[in-house]
Visitor: 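Below is the structure I would like to discuss, written out as structure tokens.
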Number of protein chains: 2
Amino acid sequence: MSIGDNRKAFIAALLAAGCTVGMTAAAGAGSLGGPLELQDEGVFYINAHTVNTNFPDSASNTPAAGEITIDQMYVQYRIPKIVSGPPVIMVHGSGHTGVTYETTPDGREGWATYFARKGFPVYVVDHVGRGRSGFDPTVINRAKAESNASLLPSIPLTTRERAYPNFLIGAKYPTPYPGQQFPVEAQDQYFAQLVPNTETTLAGGGANTVKALDALVDKIGPAVVMVHSQSGGYGLQLVRDRADKVRAFIDIEGSCGPLSADDVSKSFKKVPTMMVFGDYTEGSTGPNGDERRKQCTDSADAITAAGGTAKFLYLPALGIKGNSHMLMMDKNNLQIADLIISWLGASPELAGVKKP
Amino acid sequence: MSIGDNRKAFIAALLAAGCTVGMTAAAGAGSLGGPLELQDEGVFYINAHTVNTNFPDSASNTPAAGEITIDQMYVQYRIPKIVSGPPVIMVHGSGHTGVTYETTPDGREGWATYFARKGFPVYVVDHVGRGRSGFDPTVINRAKAESNASLLPSIPLTTRERAYPNFLIGAKYPTPYPGQQFPVEAQDQYFAQLVPNTETTLAGGGANTVKALDALVDKIGPAVVMVHSQSGGYGLQLVRDRADKVRAFIDIEGSCGPLSADDVSKSFKKVPTMMVFGDYTEGSTGPNGDERRKQCTDSADAITAAGGTAKFLYLPALGIKGNSHMLMMDKNNLQIADLIISWLGASPELAGVKKP
């Protein structure tokens with residue numbers, strides 16, 4: 001084969017790929033429910049700190065001390081072509097990353113693109129110390145270099161056996177609850193999303209994510225903040241820190257308190273708050289069960305009693321059954337998104353725009 | 001303040017945010033050079049394996065053995081509304097994640113969205129064992145539980161002092177080379193992108209990324225594969241494994257060999273290959289210096305001599321000076337992207353479509 005022949009084969013291959021030139025493929029052929037038109041999208045980091053480490057690697061690799069970046073939070077943003085709502089920050093829970101809000105495990109549209117297609121600028125983060133936010137390996141490399149395993153933090157990764165009861169997929173792996181809306185048939189994709197909670201390598205652990213969220217609303221301005229599960233507590237602290245910059249607080253099966261009288265009067269009274277709960281929490285003694293749900297209704301009552309706006313959205317009470325803890329991935333995930341969007345836009349002025 | 005008052009304040013706040021309803025903000029107000037219209041975008045994982053671990057956490061946290069997912073590779077895809085080129089898979093280098101190809105540290109457009117806006121479906125990955133691909137914490141938790149630090153792998157994170165010479169930003173931190181195209185003024189954002197190389201926790205380490213890339217081209221079909229730095233070697237092995245599914249191989253300052261006669265005749269002769277090199281490699285004795293550049297020209301010569309297509313794109317020889325090792329982030333990053341796109345479409349038939 002001469003160079004010319006190979007070149008021809010190359011061009012033929014490219015042409016084969018280019019045969020759709022000028023054609024617009026049907027929208028919705030993939031996971032999206034319609035085309036996504038963005039005026040901007042991208043990535044930035046916030047809350048980064050520069051520190052010196054003596055253990056950027058282990059001793060056997062002859063590391064040199066030097067400066068590294070820690071405490072940074074990865075932020076991916078999508079700004080729709082036509083903006084018709086406030087920014088929405090989406091924060092995931094324990095064991096997860098921002099992938100929580102992307103394509104569902106079974107390949108349907110997730111909330112990140114859905115809210116963007118509904119006109120909201122969307123900011124999806126990875127917790128500080130996790131996923132694309134990186135972490136500080138100093139303590140691990142030091143433990144190795146100094147032969148001192150007692151220095152090590154725990155680095156938990158959620159097993160399937162733990163995920164089933166805790167995330168309300170089923171009482172015991174591998175048997176899902178009857179009527180389950182979670183896409184169990186695609187659970188291999190779901191379990192692939194789980195990552196170790198490496199924020200344990202950072203002084204302050206999860207508190208760094210609160211600081212990063214504080215910095216994020218300082219940067220982008222007042223935003224709707226949506227939290228899930230573990231990040232419920234992070235969202236509560238964000239509201240305490242920046243009530244003037246949280247336009248609405250949406251707590252998806254996350255911690256709701258307890259709220260002090262001061263919390264309510266100084267912060268939560270000013271921030272419209274919605275708590276969303278799916279199915280299977282009744283009778284559950286796990287972290288996302290009866291105790292948490294009661295805490296949320298208590299907090300909603302306290303906010304309302306003080307003159308604030310709080311909505312406890314209990315899906316089973318609306319006849320929406322079978323939702324797991326991962327309700328942004330469940331088969332009816334867009335129905336739930338629509339309920340949230342409706343609540344956000346429940347004014348006569350905005351109803352026409354926001355109505356799903 | 002009554003509930004009504006609070007509600008009014010909430011609505012007023014939402015309205016303030018909604019004041020752009022129906023307005024299309026000017027394209028390019030952010031990092032993108034123009035609007036991005038996608039028929040699909042999303043996330044999936046590939047190459048996932050389910051294994052049992054006795055240490056999903058450390059002993060002090062009373063873990064229970066169970067099943068976890070390892071070896072998975074995170075893939076984020078963007079399918080433009082109008083497809084006019086083959087899929088392009090973008091693979092980052094050591095210490096990085098797929099963020100390499102997203103927005104530049106100083107907030108300009110990166111290659112991922114640029115190639116998508118030019119009509120290529122784009123697939124950005126995180127190496128297996130890194131970033132959103134997660135990793136296996138078993139060995140760390142076991143080392144803690146058994147008080148045996150000798151079990152620990154090294155978990156390297158690149159310091160600024162190492163990044164400067166190795167990534168050709170400057171001979172010594174913090175002084176950049178004169179004429180540097182790297183956005184040094186935004187280096188805090190750049191260093192925030194760096195993550196630990198946690199693939200060292202996996203049996204096989206980086207070889208898992210090769211297997212995942214094999215699986216990815218099996219899934220999506222023949223694609224252009226772009227690799228950078230550390231992933232040069234991964235790309236070489238992918239070409240050996242799947243020459244029929246690599247439409248073109250673009251090696252950005254990555255390893256180029258050495259290639260055996262068999263490698264060339266069985267694989268590389270069939271895969272059009274471009275090696276791209278920036279500035280500052282001449283005289284550099286680091287991993288991305290003289291030795292690597294010579295290896296690449298040798299491999300290009302061997303492929304060409306065997307009748308294949310290989311292009312060694314040496315930017316300084318074209319008068320394009322000052323490019324760092326991170327040339328997809330450099331100030332002239334889109335100029336370099338255009339050179340690659342031109343090469344991909346260097347046929348009379350495709351020139352009109354592909355011309356930047």
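Note that the structure is predicted; figures quoted are calculated from it, not measured. Atoms considered below: every heavy atom in the structure, side chains included; atoms not considered: hydrogens, waters and symmetry mates. Lettering follows sequence order; numbering is per chain, from 1.
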Visitor: Does any backbone or side-chain atom of A:Pro105 lie under 4.5 Å from a heavy atom of chain B? Answer side chain, backbone, both or neither.
Guide: neither
Visitor: What option among A:Ala223, A:Ala163, A:Ser133, A:Gly98 has the most heavy-atom pairs under 4.5 Å with chain B?
Guide: A:Gly98
Visitor: Would you say A:Pro56 and B:Thr158 make side-chain contact, with heavy atoms under 4.5 Å?
Guide: no
Visitor: Which of the residues A:Thr97, A:Asp71, A:Leu152 is involved in the greatest number of heavy-atom pairs with chain B at under 4.5 angstrom?
Guide: A:Leu152
Visitor: Please tell me whether B:Asp40 and A:Ser31 have a donor and an acceptor in their side chains that are separated by less than 3.5 angstrom.
Guide: yes
Visitor: Between B:Ile140 and A:Ile140, does the side-chain contact (heavy atoms from CB on, under 4.5 Å) criterion hold? Intermediate values first, please.
Guide: CA-CA 8 Å; B:Ile140 302 169; A:Ile140 302 169; 3.8 Å; yes
Visitor: Tell me, yes or no, whether the heavy-atom count around A:Arg117 atom CZ, taken from other residues, nucleotides or ligands under 6.0 Å, exceeds 12.
Guide: yes
Visitor: Which of the residues A:His49, A:Gln193, A:Arg132 is involved in the greatest number of heavy-atom pairs with chain B at under 4.5 angstrom?
Guide: A:Arg132
Visitor: When heavy-atom pairs shorter than 4.5 Å are enumerated against chain A, which of B:Asn197, B:Ile79, B:Asp126 gives the highest number?
Guide: B:Asp126
Visitor: Report the C-alpha distance between A:Ile155 and B:Phe135 in whole Å, list the side-chain angles of each, state the deciding distance to 0.1 Å, and finish with yes or no for side-chain contact (heavy atoms from CB on, under 4.5 Å).
Guide: CA-CA 11 Å; A:Ile155 310 279; B:Phe135 66 94; 4.1 Å; yes
Visitor: Quick one: pull up CG in B:Leu157 and CG in A:Asp136 and give me the separation to the nearest 0.5 Å.
Guide: 7.0 Å
Visitor: Give the member of A:Asp188, A:Thr104, A:Val43 that has the highest number of heavy-atom pairs under 4.5 Å with chain B.
Guide: A:Val43
Visitor: Is there a side-chain contact (heavy atoms from CB on, under 4.5 Å) between A:Ile68 and B:Leu194 once you walk through the steps?
Guide: CA-CA 9 Å; A:Ile68 59 171; B:Leu194 300 182; over 6 Å; no
Visitor: Using non-hydrogen atoms and a 4.5 Å limit, figure out which bit of B:Glu146 sits close to chain A: side chain, backbone, both or neither.
Guide: neither
Visitor: If you define the side chain from C-beta out and look only at heavy atoms, does anything of A:Tyr45 sit under 4.5 Å from B:Val99?
Guide: yes
Visitor: Apply side chain to side chain contact (heavy atoms under 4.5 Å, CB included) to B:Thr113 and list each qualifying residue two or more places apart in sequence or on a separate chain.
Guide: A:Glu41, B:Leu32, B:Leu36, B:Arg78, B:Glu109
Visitor: Shortest non-hydrogen contact from A:Asp57 to B:Ser154?
Guide: OD1-CB, 3.1 Å
Visitor: Who among A:Pro196, A:Ala48, A:Ala112 has the most heavy-atom pairs with chain B under 4.5 Å?
Guide: A:Pro196
Visitor: Sort A:Ala143 into side chain, backbone, both or neither according to what part of it lies under 4.5 angstrom from a heavy atom of chain B.
Guide: both
Visitor: Which of the residues B:Leu38, B:Thr53, B:Val195 is involved in the greatest number of heavy-atom pairs with chain A at under 4.5 angstrom?
Guide: B:Leu38
Visitor: Tell me which of these, B:Ser147, B:Ala149, B:Gly221, has more heavy-atom pairs under 4.5 Å with chain A than the rest.
Guide: B:Ala149
Visitor: Is there side-chain contact between B:Glu37 and A:Pro35, with at least one heavy-atom pair below 4.5 Å?
Guide: no
Visitor: So which part of A:Glu102 gets closer than 4.5 Å to some heavy atom of chain B, the side chain, the backbone, both or neither?
Guide: side chain
Visitor: Which one wins on heavy-atom pair count under 4.5 Å against chain A: B:Pro137, B:Gly42, B:Gly110, B:Gly134?
Guide: B:Pro137
Visitor: Which region of A:Thr198, side chain (C-beta onward) or backbone (N, CA, C, O), has a non-hydrogen atom less than 4.5 Å from a non-hydrogen atom of chain B, or is it both or neither?
Guide: side chain
Visitor: For B:Glu67, which residues count as a side chain to side chain contact (heavy atoms under 4.5 Å, CB included) partner, sequence neighbours excluded?
Guide: A:Arg160, A:Glu161, A:Tyr173, B:Thr50, B:Asn52
